[in-house]
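Each remark here refers to the structure printed beneath this line.
Just so it is clear, the values below take in all heavy atoms, side chains as well, and ignore hydrogens, waters and symmetry mates. All ligand and atom numbering here is 1-based and tracks the order in the structure.
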Amino acid sequence: MLDKVVLAYSGGLDTSVAIRWLKQQYNLDVIALNIDVGNERDFSAIRQKAIDVGAVKALVKDAKETFVNHFIFPALQADVIYEGQYPLATALSRPLMAKLLVDVAKEEGASAVAHGCTGKGNDQVRFEVSINALSPNLRIIAPAREWGMTREETISYAQHYGIPVPVTASSPYSIDENLWGRSIECGVLEDPWVEPPEEVFTWTKSPSEAPDKPGYVEIGFDRGIPVTIDGRELNGVSLIQRLNELAGNYGVGRIDHIEDRLVGIKSREIYEAPAAIVLLQAHQALEAMTLSRAQLRFQQKVAAEYADLIYNGLWFTSLRQDLAAYVNSSQRFVTGTVRLKLFRGSCRVVGRKSPFSLYNYGLATYDKGDEFDQSASPGFIHIWGLPVRTQAQAQDISSLEEKER
Ligand code: ARG
């Protein structure tokens, strides 16, 4: 009996070629593992294809619920957005896939796991650091990093061995998608001056073709987790799917990002993330109303740290657990409803309410019912300005010019 390898199998060209290649190069039996994280596909066709191409076994795991509850929602609660732009859809899915690869390798008695990443990207790092963390002695093989074939060579390899070349292989774009977003790179997108052609977008309408009247949506949160749309309760998976459709129809969710990869290169990435954009905005709006100024400021630091950590493949670390514990605690009053207006590519918060709101009408109003004691302000200003006055008397601070010393 041959040794076995569990391959993270997408059904695309590279991982199909990898099945054959692993057998040929390493003499391993390949178990193809397709992981459903909300990338809509025909899973029975994928399974059949893996077998046709030479896998000894083909498994499909529905990981949508785990992905939402253990990866997407914690990230949403933490407001993570990499470099102010990218909600981290691809990055969040990798540690989950690594975990499933390790689990299946154990179940199947495989001595190795494999993934289809190249040697230039972040995903190889995320997969391998996570796999090593979960199972330090498991062997990892990265065919697409080792075989040194160009895209054309991969296609002719496939043709030579009768591996079907999907139509998508003729598309110049490299695409990864899951519930939290769609990542698109390569082709003309590699010229950062070129506007992304309309054809790269499939989840979002062009804003110029979106409805000419605005739409409204209300998201209900319970402790930082979205639980309702327009008052109707939905499970996490359906809620995200529904919002992707709804906001995508209004042209919301397109992102054009020059991003800093962990391996040191800048790359141009286009994203479609309608649900992520809406939920992150709504969640932040609710936090603005229910967290103190000090909590909000600290939250920004946590969010930046957490986003880098996820991007950089460090999900399975103690620091991640510690940050998550803080975030979880910070969410205990982030309950309420946010109203957003969607219109031709834009998404704006137009209303928010919470039973734990720190917004106090009596304190804020300029109308009748004002409870703020304005007579206390001079004393406050006197003390607040004390160090400013002290310094102004001792040092010249009046000039508008920046002086050299
Ligand atoms: N640049 C993104 C990341 O590192 C997405 C990579 C996804 N790959 C793709 N084929 N577009 O998370």
Side-chain angles (χ1 to χ4, degrees), residues 8-18 34-35 37-41 67 71-72 75-76 78 80-98 115-130 142-145 150-151 154 166-192 194 196-197 199-204 253-274 276-277 280 304 306-316 320:
Y9 182 64
S10 71
L13 178 68
D14 282 350
T15 51
S16 297
V17 166
N34 185 268
I35 297 161
V37 278
N39 34 348
E40 275 172 41
R41 296 222 172 111
F67 186 41
F71 294 83
I72 294 181
L76 170 64
V80 299
I81 305 179
Y82 182 64
E83 293 185 330
Q85 298 233 64
Y86 168 36
L88 292 166
T90 298
L92 281 164
S93 70
R94 300 316 189 194
L96 170 57
M97 293 179 172
H115 61 73
C117 306
T118 69
K120 285 183 78 164
N122 300 309
D123 287 329
Q124 52 170 346
V125 182
R126 297 168 183 151
F127 268 114
E128 294 182 29
V129 170
S130 301
R145 190 171 60 199
T150 64
R151 185 121 190 109
T154 315
V167 240
T168 50
S170 63
S171 148
Y173 307 110
S174 159
I175 291 158
D176 177 68
E177 60 181 45
N178 63 50
L179 282 168
W180 205 227
R182 189 166 171 268
S183 312
I184 313 132
E185 56 190 20
C186 302
V188 286
L189 301 174
E190 288 179 353
D191 181 347
V194 171
E199 64 182 14
V200 309
F201 300 107
T202 62
W203 287 15
T204 55
R254 295 184 175 187
I255 298 161
D256 182 342
H257 184 193
I258 297 292
E259 116 187 359
D260 287 282
R261 286 195 191 164
L262 178 58
V263 294
I265 35 185
K266 284 193 188 285
S267 73
R268 201 268 191 105
E269 195 94 24
I270 301 300
Y271 298 105
E272 291 187 280
I277 295 290
L280 283 161
Y306 207 148
D308 283 353
L309 175 150
I310 293 169
Y311 190 85
N312 295 340
L314 304 176
W315 183 272
F316 289 109
R320 211 286 307 170

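Each of the following atoms of ligand 1 lies closer than 4.0 Å to a heavy atom of N122: 3 (C), 4 (O). Those atoms of ligand 1 that come under 4.0 Å of a heavy atom in S183, given as number and element, are 5 (C), 7 (C), 11 (N). Below 4.0 Å from some heavy atom of Y86 lie the following atoms of ligand 1, by number and element: 2 (C), 3 (C), 5 (C), 12 (O).
Listed by chain and number, the residues in a ring pair (Phe, Tyr, Trp, His ring centres under 6.0 Å) with F201 amount to none (sequence neighbours excluded).
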When the side chains of residues 183-190 are checked against the rest of the protein, which donor-acceptor pairs come out under 3.5 Å, sequence neighbours left out?
residue, atom, partner, partner atom, Å
S183, OG, T90, OG1, 2.7
E185, OE1, R261, NH2, 3.4

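Contact annotation: for R126 versus ligand 1, heavy atoms closer than 4.0 Å belong to the side chain alone. Contacts between Y271 and ligand 1, counted as non-hydrogen atom pairs separated by less than 4.0 Å, involve the side chain only.
Protein heavy atom in closest approach to atom 10 (N) of ligand 1: S174 OG, 2.5 Å. Regarding atom 8 (N) of ligand 1, its nearest protein heavy-atom neighbour is E185 OE2, 3.8 Å.
I277 is not listed as a side-chain neighbour of E272, based on a closest heavy-atom distance of 4.5 Å or more.
For the residue pair G116 and T15, the shortest heavy atom distance occurs at CA-CG2, 4.0 Å.
Considering E269, R94, E259, H257 only, the shortest heavy-atom separation from atom 11 (N) of ligand 1 involves E269.
No option in R254, H257, Q85, E259 other than E259 meets the side chain to side chain donor-acceptor pair (under 3.5 Å) test with Y271.
Between F71 and W315, a ring centre-to-centre spacing shorter than 6.0 Å is recorded.
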